[in-house]
Visitor: 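Once you've had a glance at the structure underneath, I'll fire off some questions.
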Amino acid sequence: MIAYSELGTLEDEQQERVQSLFERSSTIWDLPEDEGKLEVWDEFIEDCERAEFPHLIASARFGQYTTLVKAGLGVRALDAYVRLMQVIHRHGDLIAPENVNRMLNSIATASMTLVDDPVVPLEQITRAIDLVEQQIRQRGADIVGVYVARATVSAARGEAEATLDWIQRWRSENSIEWRPDDSGVIQMELPLVARFDLPRATVTLEQRLRMLEIDPRAFDEARSEAVNALPLLVMLAFFYVRAGRRADANLIADQLLEGVGSARLARDGVAEFLIPVLEERPDAALASVDHTLRNLHLDGSDWEATAAVARSRILADPTGEEGKLLRALAGQSAAALDRRGGTDVHSRELETFWWAGLPTHPRPTLVDDPEVWGDVEERAEAILAAGWLPRTASVSSEDPPISIKHRYVAHLGDTMELLSAETPEDADALAASLTARSEQLKCASTRYCVPLLHGLRAGQQGRIATLVRDFRSSQTELLRAHDAIEDAFQAIGERFFAVTVEQAVASPDVAWSEIEELIQTETRLREVTGGPLAHLSLARAEIAAHRDDGSALRAAVEQVQHELAAEEKLLDRVSVDLEVVRLTALVEPAFAAATAKRVLAIGDAEQIRAATAWLCWLDARSGDRAASAELVRLLESVDGDVTEFGPLPGWVLLEGIAAPGADFGRIIDALLDEVDESPSELMVLAACGSALLATSPDDPRGPRLRSRVADLTRGLDARNGDDGWSTWVRDRWFPGDTSFGVSA
């Protein structure tokens, strides 16, 4: 076994192995708190056991415990905590002493958390406390955490005398780590006292505040101790409410609201204390209620917080379903806690305080539906749908209500299935279903992603009008709730904006007014989100190239280059460079070649192939006969796979290999297998059709492709109000009997 104290004396190989474990540990701690993290911890523990390094085994066990607590999985959390104690029992001398002390001392907060979950047996919590006490006494460590834990368990059993006795023993230790003037310690101690002796708790808290030089009648946010003062003042105001001193409680509430505001209070105050204090200030109370509902597991734990939000909602809407459902859940939770502890202290507190003065209602019918009420997530969503969700404009999938967070994860996963829908009808049906679910969950990310991904899929299927319509819908969602939509999802839209404009410009079915609105909306969006502007200039370049407006194209490309220099970290410069090559190759070949050569220096393998193909095409167009042979060799290096060239237009490959005796058949077949004859494929269809007419006049695909190209160019002419495209395509690819070639 490797002791933590031996780290500086390890041999190089051992040192590297242990250092690697430390780095992995740091990475795992930063992972999202979900089931996947638990599995990663398990794998890590096995590796630490093989390395015989108990220090990180203990750290990982503690990590499992904290993840399970945050997930509301009390029984599993306690099991992980016991396993941690077993590691300390066997190998504690090999672990960093400060870690051992911190883990042993955590029994206090662990007990306070776990006793609030009625499914965790008090006997098992007590056995965990016994294990900790055994280690503490063996090591001569601070015993107060154990006394705090025992007081907590006694309170859960409704044992007033035992609770107060453990607290007295706690205080008599004069522990440095559990000082009576520590804000966190006060917040743990006095609620236990208040449950059985409210006057004593109130007087003690007033004394502690004086020790801290905090004046309940003069809260000052500017003072350094204000952060610690806030939760203590909320607790004192709550004690005043319990004692019937509403005026004193309101005085504190008004000072806090004026000093920090309702949002900060909701974030930093303890819900079961704060919400009753704000009872006569409904707007401020609602901010705290909604913050609390976002963070409640709604699984039967946190009974007092559940009771607090239930009372507040019943007062706000006496006949509303939300308050009734929350009241029913709080009642069940209190009853379960009483059954576990063999007491009635929780149910009595509900009746004498939380439900005092509230109207009585019949039991909600939903409570008797086992398919809903018996399923924790179904029940939680039903409660949130009764009030919280309708009150909420948008929910970020990064910060959903904790009680149904898995439903947001699943919904995001379902949304990604849009990209693999087999038919347009399948995609439409799935999009409709996902949109309805997005509205139920108020999920901003999926309200944005559903039209975005549905549109991208439609674009792949050649439905460009649908692509544009859906992209505009996604823009609307992003404008409405950009703060609630993850950067990674916003980046999808940023990347595909220029592609959408390219497709729209190429489609006769999309009016110029729609394209202009697309660009104007995106311009407003980039101002709001801070996204890169180069895509906007690229869109302007796309329009200029389509309209054969050389001066506008040069101005737009120059702007792209300027923005690329400033925004390189915000986008994929190489991808933008390749689009610039495409737009300028026909009118500014020297500039296009220089840009392609830059890609050769910094692109990945696929991008380098695309840039090389462009250079071969440009050289062949200039009369370099060797360029075609070079491009043929490049194609052969990827076994003729035309999809290995990234965003390269297929017509570039076809024209680039054009030379006397060249075999076009294989590449034409490959290119036509990859296109769907949509408007954006016009130039590929024209190149393939021209090549077939010139080299295989009996192949029926040649005349059919020429007919399709003619239809598309007539449509473009009708939209554009001229005959530019039909004339250019006819002269370039179908000029009578002229042979097909790169100079066509």
Side-chain angles (χ1 to χ4, degrees), residues 498-499 501-507 512 515 519 534-564 573-600 610-624 627-628 631 645-656 658 679-687 690 709 712-713 716-717 719-735 738 740-744:
V499 176
V501 172
E502 176 191 348
Q503 299 261 353
V505 166
S507 175
W512 285 114
I515 297 170
I519 295 173
H535 297 130
L536 299 170
S537 299
L538 200 62
R540 293 293 183 192
E542 190 74 50
I543 294 172
H546 180 88
R547 288 175 164 166
D548 196 25
D549 186 339
S551 61
L553 176 59
R554 282 189 290 274
V557 169
E558 182 178 340
Q559 185 66 20
V560 169
Q561 299 303 306
H562 173 72
E563 288 160 347
L564 275 175
R573 174 166 189 151
V574 176
S575 295
V576 175
D577 277 342
L578 286 172
E579 292 304 306
V580 169
V581 173
R582 175 179 62 83
L583 292 169
T584 59
L586 291 168
V587 294
E588 297 283 352
F591 178 82
T595 306
K597 289 174 182 176
R598 184 166 62 240
V599 172
L600 294 180
T612 303
W614 272 117
L615 290 169
C616 289
W617 180 86
L618 287 164
D619 289 343
R621 187 176 176 83
S622 300
D624 183 351
S628 295
L631 184 54
F645 290 81
L648 182 77
W651 60 267
V652 175
L653 289 173
L654 185 56
E655 288 189 350
S680 62
E681 306 288 2
L682 170 63
M683 295 174 71
V684 177
L685 302 177
S690 177
V709 167
L712 290 173
T713 55
L716 290 173
D717 289 348
R719 182 192 67 178
N720 298 345
D722 55 35
D723 64 353
W725 268 84
S726 59
T727 299
W728 183 74
V729 170
R730 183 183 63 246
D731 291 348
R732 190 177 200 286
W733 279 297
F734 302 106
T738 302
F740 171 80
V742 72
S743 60

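Here, residue 1 is the first one in the sequence, and each next residue gets the next number.
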Visitor: Taking salt bridge (Lys or Arg N to Asp or Glu O under 4.0 Å) as the definition, give me every residue that meets it alongside E681, ordered by chain and number, with sequence neighbours left out.
Guide: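 Checked E681 against salt bridge (Lys or Arg N to Asp or Glu O under 4.0 Å); zero matches.
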Visitor: Quick check for you: to the nearest 0.5 Å, what is the distance between L586 atom CG and L618 atom CG?
Guide: 9.0 Å
Visitor: OG/S507 to CG/L716 distance, rounded to the nearest 0.5 angstrom?
Guide: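 One gets 8.0 Å once the value is rounded to the nearest 0.5 Å.
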Visitor: Is D723 reaching over with its side chain to a backbone N or O of D717, donor-acceptor style, under 3.5 angstrom?
Guide: no
Visitor: Let me confirm one number: the CG-CG distance from L615 to L631, rounded to the nearest 0.5 Å.
Guide: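 L615 CG to L631 CG: 10.5 Å, rounded to 0.5 Å.
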Visitor: What residues form a side chain to side chain donor-acceptor pair (under 3.5 Å) with R547, not counting sequence neighbours?
Guide: none
Visitor: Show the nearest heavy-atom pair for residues F645 and A610, with the distance to one decimal.
Guide: O-CB, 3.3 Å
Visitor: Once side-chain contact (heavy atoms from CB on, under 4.5 Å) is applied, do any residues pair with P649, and if so which ones, sequence neighbours excluded?
Guide: R582, W614, W651, V652
Visitor: Report yes if some heavy atom in the side chain of L538 is under 4.5 Å from a heavy atom in the side chain of L583; otherwise report no.
Guide: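 Touching, per the 4.5 Å side-chain cut-off.
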Visitor: First locate atom OG of S690, then atom CZ of R730, and finally report the distance between them rounded to the nearest 0.5 Å.
Guide: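 It is 13.5 Å, given to the nearest 0.5 Å.
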Visitor: Mind checking side-chain contact (heavy atoms from CB on, under 4.5 Å) for Q559 and listing every partner two or more places apart, or none if nothing turns up?
Guide: S537, H562, E563
Visitor: So, taking the atom named CE in M683 and the one named CH2 in W728, what distance separates them when rounded to the nearest 0.5 Å?
Guide: 3.5 Å
Visitor: Check whether any side-chain heavy atom of L564 lies under 4.5 Å from a side-chain heavy atom of V580, and answer yes or no.
Guide: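 Side-chain contact under 4.5 Å: no.
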Visitor: Name all residues meeting the side chain to side chain donor-acceptor pair (under 3.5 Å) criterion together with N720; count only those two or more places apart in sequence or in a different chain, and write none if there are none.
Guide: W512, H546
Visitor: In chain order, what residues pass the side-chain contact (heavy atoms from CB on, under 4.5 Å) check against A556, with sequence neighbours excluded?
Guide: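 In terms of side-chain contact (heavy atoms from CB on, under 4.5 Å), with neighbours along the sequence ignored, A556 is linked to R540, A541.
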Visitor: What's the spacing between T595 OG1 and L600 CG if we round to 0.5 Å?
Guide: 11.0 Å
